[in-house]
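Working notes for the structure below.
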Amino acid sequence: MTGPVRSLPGAWISGIGLLGPGLRDWPGGAAMLAGEAPWVPANTVLSAPQQLPAAERRRSVRVVKLALTVGLEAVAAAGADASGLATVFSSSGGDGHNCHLICEALASDDRQVSPTRFHNSVHNAAAGYWGIATGATAPAAVLCAFDGSFAAGLLEALVQVSVERVPSLLIAYDADYPEPLRAARPVPDAFGTALLLTPEPGATNFGRVRAGLTTAAADTLADPALDALRRAIPAARSLPLLAAIARGESGRIVLDYLDHSRVAVDFTA
């Protein structure tokens with residue numbers, strides 16, 4: 001079976017955030033994904049958003065900086081109030097550098113792990129920092145589905161929009177691992193994207209999406225270098241959908257999900 005199974009009702013995309021290698025924000029990234037500008041590989045530059053208090057900015061790790069940056073970009077693009085938005089945070093793992101430092105401490109004679117390292121090791125760390133930065137008190141779901149984490153997060157956000165009839169902000173993000181962890185989990189750099197999904201079209205509208213499961217093969221990107229990025233970083237599995245949005249090209253996009261099924265997204269520009 002190649003068509004979507006029991007496709008979820010649609011949602012409108014009201015805001016987008018993007019940050020990754022050579023992709024500094026959504027407007028610049030959209031031009032590259034639409035073929036209007038060349039993609040030039042460059043290391044992802046991360047900085048803690050000013051919305052965080054000074055103490056939390058100092059303590060924030062790579063995935064926190066990444067998740068908040070793309071989430072805030074999507075919210076700003078939509079002109080929305082972040083404090084009232086339900087959120088879905090989806091990542092294949094926590095912060096690799098933080099994990100590396102904890103492993104170093106545990107392998108040392110001291111074996112003392114700092115409280116900051118510990119609280120940044122939990123999978124919902126980014127959601128906690130988001131609440132501090134935005135004052136958000138709406139429900140936050142935090143998911144992990146290994147390499148299928150973006151698709152899992154998209155399905156969860158669409159369910160929230162469909163059932164609760166409220167906007168839902170999907171924030172999908174992954175960051176790199178240093179050696180020797182990289183040998184086992186070769187994620188080379190940080191990549192994040194955010195989609196603000198709404199039950200009705202807003203003042204800003206990037207198109208409409210519906211999604212369901214399929215056994216069709218996942219779509220690839222025409223640019224071999226960008227497709228290598230898609231395969232290398234789990235959150236970058238979103239790139240075929242982002243490319244369709246950037247081109248304003250309606251159609252079906254199949255995204256990586258599980259070994260036995262993928263997610264088919266019907267996009268209407």
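Predicted model, so just to flag it, every value in this text is computed and none were measured.
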task = Compare every heavy atom of A78 with every heavy atom of S14, then report the nearest pair and how far apart it is.
result = O-CB, 3.2 Å

task = Measure up the F89 and Y173 rings against each other and bin them: parallel (under 30°), tilted (30 to 60°), perpendicular (over 60°).
result = perpendicular

request  = Please lay out, stage by stage, how T268 and S250 fare under the test side chain to side chain donor-acceptor pair (under 3.5 Å).
outcome  = CA-CA 5 Å; T268 304; S250 299; 5.1 Å; no

query = Same cluster for V142 and L68 if Ile/Leu/Val/Met/Phe/Trp/Tyr side chains link at under 4.5 Å?
reply = yes

inquiry  = Would a single hydrophobic cluster contain both I132 and V63, if residues Ile, Leu, Val, Met, Phe, Trp and Tyr are joined by side-chain heavy-atom contacts under 4.5 Å?
reply    = yes

Under 4.5 Å between any side-chain heavy atoms of [X] and [Y], yes or no?
X	Y	result
T214	S261	no
R62	D189	yes
V70	F191	no

Expected output: side-chain R117 to main-chain I102 donor-acceptor under 3.5 Å = no

query = Does T193 reach the main-chain N or O of L18 with its side chain, forming a donor-acceptor pair under 3.5 Å?
reply = no

Hydrogens and angles aside, do [X] and [Y] bring a side-chain donor and acceptor to less than 3.5 Å of each other?
X	Y	result
S121	N98	no
S108	D110	no
Y177	D95	no
D227	T220	no

Note: [X]-[Y] ion pair, threshold 4.0 Å (strictly below):
X	Y	value
R182	E179	no
R237	D256	yes
R185	D147	yes
R252	D219	no

